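These figures come from a predicted structure and were not determined experimentally. Convention: sequence-line order gives letters A, B, ...; per-chain numbering from 1.
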Protein chains: 2
Amino acid sequence: MTTLRDLAKHLGLSPATVSRALNGFPEVGEKTRIRVLEASERLRYKANSTAKRLATGKSGMVGMIFRSSRNLLVDPHFVDFLAGLSTGLADHELDLIIHTAPQRDLLAHYERFASSGSVDGMIVSAPELNDRRITTLNERDFPFVVHGRTGDDVGYAYFDIDNDAAFAAATSLLIDLGHNRIALLNGEAGLAFVVQREIAFRRVAAMRGLHIPDRFVSHDLMSEEHAFVHATEMLSGRLGPAPTAFLCSSTLQALGVIRAASAAGLVIGTDLSIIAHDDVLPHLRPENFNPPLTVTRSPIRMAGTALAEMMGARISGVDPLQLQRMVSADLIVRASTGAAPLTGRAGWPH
Amino acid sequence: MTTLRDLAKHLGLSPATVSRALNGFPEVGEKTRIRVLEASERLRYKANSTAKRLATGKSGMVGMIFRSSRNLLVDPHFVDFLAGLSTGLADHELDLIIHTAPQRDLLAHYERFASSGSVDGMIVSAPELNDRRITTLNERDFPFVVHGRTGDDVGYAYFDIDNDAAFAAATSLLIDLGHNRIALLNGEAGLAFVVQREIAFRRVAAMRGLHIPDRFVSHDLMSEEHAFVHATEMLSGRLGPAPTAFLCSSTLQALGVIRAASAAGLVIGTDLSIIAHDDVLPHLRPENFNPPLTVTRSPIRMAGTALAEMMGARISGVDPLQLQRMVSADLIVRASTGAAPLTGRAGWPH
DNA sequence: AGACGCAATTAAACCGGTTTGAAAAAGTTC
DNA sequence: GAACTTTTTCAAACCGGTTTAATTGCGTCT
């Protein structure tokens, strides 16, 4: 393995000059630079990245920590985010370190990452309402960016979609269409975006005089299968009058609702309306569903690239308050939403 | 940030002794060790991992490179593999680096990783039949493990399932049931496992006297949507007599076939039989399909953990030839396979 | 020719750990 | 208590780069 000193000796130069030549410093003579570049090519010299890091104090990596138990890595939403993130990081010549830790000493692992110099920054995903990972990193003054936000007025860099506006608009649309029994299939309890969506949904419903019993709001993994189970139960009548509309946190859940509705003999768009949030997963296109799905849309992959960009800026010292972005989701009305069936216009009793 | 020297000065010891005390070397006095550990706790000392790496020559990381274009990261099969891998690596105190590179200089990035010392080993996934990544790493004598294998007699560490046996068994089962028009929905052309599965399928079909026209064998992303499109086309009759059975490389594709069959008014298990390979994706359980799906099963997540284990061994110097594992997939017969409909027993003409 | 300015190069310190070889301290043996 | 082990500690070199401060070489001005 060729080192910088080997190369320097070979050329009859000092390591300092060689280092400068390779890194494009201006004070190196033009003929020398060419000579160095040629020799480094010929001897297949590759700078040892560890040594470089130690000398410069930059690792060129950002970290992400996963709980070994709860498997975020299997969630397609999350993975698409990851895809956007890692390609975005590549533009800044940053690599991503995936680290897994058991739930109980998750925070200790964040601390170790933050203070051992192995990464220049961290990505925090799927924050909960009071997320101790965020407070820990904030205290240490360590660069990090968050996908989502824990409140309205926070002091860290984040990228988020306007969950409140999106779900308020979706709820309004359903009520305008005459739906008075609307069920919500939400994500896992505790996650910030889940709470935000539910608050918007319940606020608009209450404003319009609707009562939503808790048993028609589910909190679970956003998978086809879980949604199928919940929707089947809700449509069965065992919990009370069946909803005439479903609001889903994900198009995957919409698939489950469609399967449950087919089994129950219901026609989507006529007997039952569905709106879902569309994260624009590459292999799941709600515009091709039958019927095409009404959605609130915002590509989650874009969140990944945006956060990669922010991470780069944050590492170069940009103030986190300058790195806060919220985008709105588009409400796209298609054929899965229609007027509520006349037979089912009564709301749930208070 | 406390360094080792700070700590040593604070204790009135030499850096050497402190380093030894922290790393559990035997030649340190017991009372000294305790003193050191206490002080390091109190001063919140965390060893700089970059410096450690430089000194020891081990990075504690393994790398994985993705093409920025073809998006493996979005493939749920692949992601589940990744989940198994990263938790398995954690057991060996290894972290995973995710690196993205454009297709055209993919190999250069592999070389850089292999010779810059930034990782101790590499993971190669989704190999093609003649995969230059493998030859490149092999030439450099750099530790790596492969998920899958490019041939029967290879000189590197791999974990693979017996694709040939699995697809031969599945094909035999269908033919035994009287099916003479069997379509194959395969993965992307060129991938090793895709070729292996197709060879097994065609060999058994030929042995039993069946002709399989190329237009009833598709090569594409293994997604629900692509499978739906191909199955719809094949069932339409536009390509010739419709198949009475589908063999799928993934349960996702089976979902697409089921959707296409429903649209065509076909009953699964009676009018149309389906077998798929089940990678045991956590949110997609073919035993809960309606009807439950006949599968060849092998958890892809297990492949991830097995390869993590192998990577650890390979890094500690175990001979790659000792690290070759092939497991067989179980054929699990459920209700999605039934006797071929009497009306459709004629095979495709030669 | 001497003084000066500028560009190109270098020696040496540094990043923060680990490890070797030697020295000091402590413990045994006679 | 001297001689000899054995245990514990230390100074210095090392990993392979970067960077500061000093030095050399060369053309220019007077």
Participant: Could you tell me how far apart A:Leu22 (CG) and C:dT9 (P) are, to the nearest whole angstrom?
Facilitator: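 A:Leu22 atom CG is separated from C:dT9 atom P by 13 Å.
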Participant: So does B:Glu30 get a backbone contact from the side chain of B:Arg35, meaning a donor-acceptor N/O pair under 3.5 Å?
Facilitator: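 A pair under 3.5 Å: no.
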Participant: Can you list, by residue number, the residues of residues 34-44 of chain A that have a non-hydrogen atom closer than 4.0 angstrom to DNA chain D?
Facilitator: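 None, since no heavy atom is under 4.0 Å.
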Participant: Is there a donor-acceptor pair closer than 3.5 Å between any side-chain N or O of B:Ser59 and the backbone N or O of B:Ser118?
Facilitator: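 Checking the backbone N and O of B:Ser118 against the side chain of B:Ser59, a donor-acceptor pair under 3.5 Å is found.
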Participant: Looking at DNA chain D, which of residues 111-121 of chain B put a heavy atom within less than 4.0 Å of it?
Facilitator: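 Going residue by residue through residues 111-121 of chain B, none turns out to have a heavy atom under 4.0 Å of DNA chain D.
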Participant: Determine whether a donor-acceptor pair (N or O, by modelled atom type, separation under 3.5 Å) exists between the side chain of B:Thr100 and the backbone of A:Ala90.
Facilitator: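 Checked: no pair found.
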Participant: Taking the ring centre of each residue, are B:His147 and B:Phe81 less than 6.0 Å apart?
Facilitator: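 Ring-ring flag for B:His147/B:Phe81: true, centres closer than 6.0 Å.
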Participant: Does A:Arg325 count as lying over the ring of A:Phe159, i.e. NZ or CZ under 6.0 Å from the six-ring centre, within 45 degrees of the axis?
Facilitator: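 No cation-pi geometry.
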Participant: Does A:Pro15 offer a backbone N or O that forms a donor-acceptor pair with the side chain of A:Ser19 under 3.5 Å?
Facilitator: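 Side chain of A:Ser19 to backbone of A:Pro15, a donor-acceptor pair under 3.5 Å: no, none is there.
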Participant: Could you work out how much the helix from C:dA1-D:dT30 to C:dC30-D:dG1 bends, comparing the axis of its first five pairs with that of its last five, to 10°?
Facilitator: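 Here the helix ends are tilted 60° relative to one another.
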Participant: When you check every protein heavy atom under 4.0 Å of nucleotides 14-26 of chain D, what one-letter string (B, S, -) results, 5' to 3'?
Facilitator: -BBBBBBB-----
Participant: Checking B:Thr150 against B:Asp131: is there a side-chain donor and acceptor pair closer than 3.5 Å?
Facilitator: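 No donor-acceptor contact under 3.5 Å links the two side chains.
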Participant: Does A:Thr136 reach the main-chain N or O of A:Arg132 with its side chain, forming a donor-acceptor pair under 3.5 Å?
Facilitator: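 Yes; at least one donor-acceptor contact below 3.5 Å.
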Participant: Could you check, using the six-membered ring where one of them is a Trp, whether B:Phe144 and B:Tyr110 have ring centers closer than 6.0 angstrom?
Facilitator: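 Centroid distance B:Phe144-B:Tyr110: not below 6.0 Å, so no.
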Participant: Taking only residues two or more places apart in sequence, or in another chain, which ones meet B:Arg112 in a salt bridge (charged side-chain N to carboxylate O under 4.0 Å, His left out)?
Facilitator: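 If we apply the salt bridge (charged side-chain N to carboxylate O under 4.0 Å, His left out) test to B:Arg112, skipping adjacent residues, there are no hits.
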Participant: Can you sort out the partners of B:Ala51 under side chain to side chain contact (heavy atoms under 4.5 Å, CB included), two or more places apart, ordered by chain and number?
Facilitator: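 B:Ala51: side chain to side chain contact (heavy atoms under 4.5 Å, CB included) contacts with A:Leu54, B:Asn48.
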Participant: Establish, yes or no, whether a centroid distance under 6.0 Å links the rings of A:His99 and A:Phe113.
Facilitator: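 A:His99 vs A:Phe113: aromatic centres under 6.0 Å.
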